[in-house]
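A short write-up of the structure that comes next.
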2 protein chains.
Amino acid sequence: MARAQTLSRNQQIVLDIIEKAKGPLKAYSILFNVQKKGINAPQQIYRALDKLIEMGKIHKIESKNAFVACRSSDCEISKATAFSICESCEMVDEISDTKLSKYLSGFNHKKGMKFKRFNLEFFGICKKCKKD
Amino acid sequence: MARAQTLSRNQQIVLDIIEKAKGPLKAYSILFNVQKKGINAPQQIYRALDKLIEMGKIHKIESKNAFVACRSSDCEISKATAFSICESCEMVDEISDTKLSKYLSGFNHKKGMKFKRFNLEFFGICKKCKKD
DNA sequence: ATAACGTTTGTTATAATATAACATATTTGA
DNA sequence: TCAAATATGTTATATTATAACAAACGTTAT
């Protein structure tokens, strides 16, 4: 059985950095940030990332190969994720919209495949960037 | 002005291979397949892929770093894509569901960002794989 | 026809992202 | 406390993607 709550040392270090970040972080940028803490190899980062994703503490933004902290308390396990991504400043915002989530969770493919999980990424230009 | 219809030699070669494939193809597997045709370098593949995506002829499956031919006649420009992905056999199916597409195209983020484009990936186990 | 422009190609090199494999240590629970 | 599972450290390597530059090709306007 997986340890439900406690994070290991490396997992905690990686999570802290992702949570403090203003935007999505890439694996190697996390690595460079934690070398002072004695983490030296990509493996260590990727292993922590994998576990954190499993636990629903972070999400991977697939289109950017980058990672963000989960902000929505209700996604213990990441099976329904949606993000808003600014193509100009790279800002990523997790969308937690009950209606959207229900709509997509209930969506069934004609070809009879039952879905376990989805990931949705919206792209546009955020308000801030539009002003410039 | 972009040439609307005609594909260049390399673009045509890459598109042909993707269209013939039963499933999503990775850039380097495309490369290995076309070396007999005189294409030797990743750049040549990635350049063709980029243009084909721009034209809406193919889509990138972000979660797999792989490429599939577009099967839906109405997505000249890929601004609203949805896929069904089997986690067992890796099969990918493009979903063209008008209702879903309309629902998502009309979706507006609370924070006021206007979306130009989205990509949705559903995951599960396909019918075929369930039988086994 | 030819000059000018944009696009495509070819090529070498390298950057960025991710996993394999193995040895050791730590934690957990029966 | 012993066994099992989980986490760590480490070296090496695989995979995915882009930079930079020179040459060829295609279009269009003159």
Side-chain angles (χ1 to χ4, degrees), chain A residues 1-18 21 23-68 87 90 92 119 121, chain B residues 1-18 21 23-68 87 90 92 119 121:
Chain A
M1 167 90 170
R3 295 190 308 176
Q5 311 306 344
T6 24
L7 298 180
S8 76
R9 184 186 131 82
N10 287 1
Q11 287 159 14
Q12 190 64 61
I13 290 171
V14 170
L15 179 57
D16 283 350
I17 290 204
I18 297 177
L25 290 184
K26 305 214 150 209
Y28 275 75
S29 104
I30 295 170
L31 176 57
F32 297 141
N33 267 283
V34 298
Q35 287 186 322
K36 53 199 163 197
K37 301 208 172 162
I39 299 183
N40 305 301
Q43 262 298 5
Q44 296 173 286
I45 302 299
Y46 282 104
R47 283 198 288 230
L49 290 172
D50 285 350
K51 291 296 177 183
L52 292 169
I53 288 171
E54 265 182 33
M55 297 176 198
K57 299 284 187 189
I58 64 171
H59 303 297
K60 181 172 185 179
I61 306 303
E62 296 288 357
S63 61
K64 300 173 80 67
N65 299 316
F67 304 85
V68 295
E87 287 176 311
E90 315 270 281
V92 170
N119 180 54
E121 299 181 2
Chain B
M1 170 90 173
R3 294 190 310 175
Q5 311 305 344
T6 24
L7 298 179
S8 76
R9 184 186 130 82
N10 288 0
Q11 288 160 11
Q12 190 63 60
I13 290 171
V14 169
L15 179 58
D16 283 350
I17 289 204
I18 297 178
L25 290 183
K26 305 213 149 208
Y28 275 75
S29 103
I30 295 170
L31 176 57
F32 298 141
N33 268 283
V34 298
Q35 287 186 323
K36 53 198 164 202
K37 301 208 173 163
I39 298 184
N40 306 302
Q43 261 300 2
Q44 294 172 286
I45 303 300
Y46 282 105
R47 284 198 285 228
L49 291 172
D50 285 349
K51 292 294 178 185
L52 291 168
I53 288 171
E54 264 181 34
M55 297 175 197
K57 299 283 187 190
I58 65 172
H59 303 298
K60 179 171 187 180
I61 307 301
E62 295 287 358
S63 61
K64 302 174 78 68
N65 297 317
F67 303 85
V68 295
E87 286 175 311
E90 315 269 280
V92 170
N119 180 54
E121 299 182 4

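Chain letters run A, B, ... following the sequence lines, proteins first and then strands; every chain starts at 1.
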Inset, instruction - Whole angstrom is fine here: how far is it from CD in A:Glu62 over to C1' in C:dT17? - result: 13 Å

Legend entry - Phosphate contact (C:dT17 OP1 or OP2) by B:Asn65 side-chain N/O below 4.0 Å: no

Inset, instruction - May I have the distance from A:Phe32 (atom CZ) to C:dA15 (atom P), rounded to whole angstrom? - result: 11 Å

Legend entry - B:Ile45 CD1 to D:dT18 P, straight-line distance once rounded to whole Å: 14 Å

Inset, instruction - Could you tell me the separation between the CG atom of A:Leu49 and the C1' atom of D:dA7, rounded to a whole number of Å? - result: 15 Å

Legend entry - Euclidean distance, atom CD of residue A:Gln12 to atom P of C:dT26 [Å, nearest integer]: 19 Å

Inset, instruction - Answer yes or no: side-chain N or O of A:Gln43 and base N or O of C:dA20 forming a donor-acceptor pair under 3.5 Å. - result: yes

Legend entry - Closest listed nucleotide, where the reference is the side chain of A:Asn10 and the choices are D:dT8, D:dC21, C:dT17: D:dT8

Inset, instruction - Could you check B:Arg9 against B:Pro42 and say which one's nearest nucleotide on DNA chain C is further toward the 5' end? - result: B:Arg9

Legend entry - Rounded distance in Å - OH (B:Tyr46) to P (C:dT14): 19 Å

Inset, instruction - Examine distances only and state if a side-chain atom of B:Lys26 and a backbone atom of B:Lys64 form a donor-acceptor pair shorter than 3.5 Å. - result: yes

Inset, instruction - Round to the nearest Å and state the distance from A:Met55 atom CE to D:dT6 atom C1'. - result: 10 Å

Inset, instruction - Please evaluate the base of D:dA17 for a donor-acceptor partner in the side chain of B:Tyr28 within a cut-off of under 3.5 Å? - result: yes

Legend entry - Proximal nucleotide (of D:dG9, C:dT17, D:dA7) relative to the A:Gln44 side chain: D:dG9

Inset, instruction - Could you tell me whether the phosphate oxygens of C:dT9, OP1 or OP2, come under 4.0 Å of any side-chain nitrogen or oxygen in B:Ser8? - result: yes

Inset, instruction - Report yes if a side-chain nitrogen or oxygen of A:Lys26 is closer than 4.0 Å to either non-bridging phosphate oxygen (OP1 or OP2) of C:dA16; otherwise report no. - result: no

Inset, instruction - Measure from the side-chain N and O atoms of A:Glu121 to the backbone N and O of A:Glu62, and report whether any donor-acceptor pair falls under 3.5 Å. - result: yes

Inset, instruction - To the nearest 0.5 angstrom, please state how far the CG atom of A:Leu49 sits from the CG atom of A:Leu31. - result: 10.5 Å

Legend entry - Rounded interatomic separation in angstrom, taking CD from A:Gln11 and C1' from D:dG9: 15 Å

Inset, instruction - Would you kindly compare B:Ala41 and A:Lys60 by the position of their nearest DNA chain C nucleotide and give the one closer to the 5′ end? - result: B:Ala41

Legend entry - Heavy-atom side-chain contact between B:Val34 and B:Ile45 under 4.5 Å: yes

Inset, instruction - Check whether any side-chain N or O of A:Lys51 sits under 4.0 Å from OP1 or OP2 of D:dA7, and answer yes or no. - result: yes

Legend entry - Check: A:Gln11 and A:Lys57 side chains under 4.5 Å, non-hydrogen atoms: no

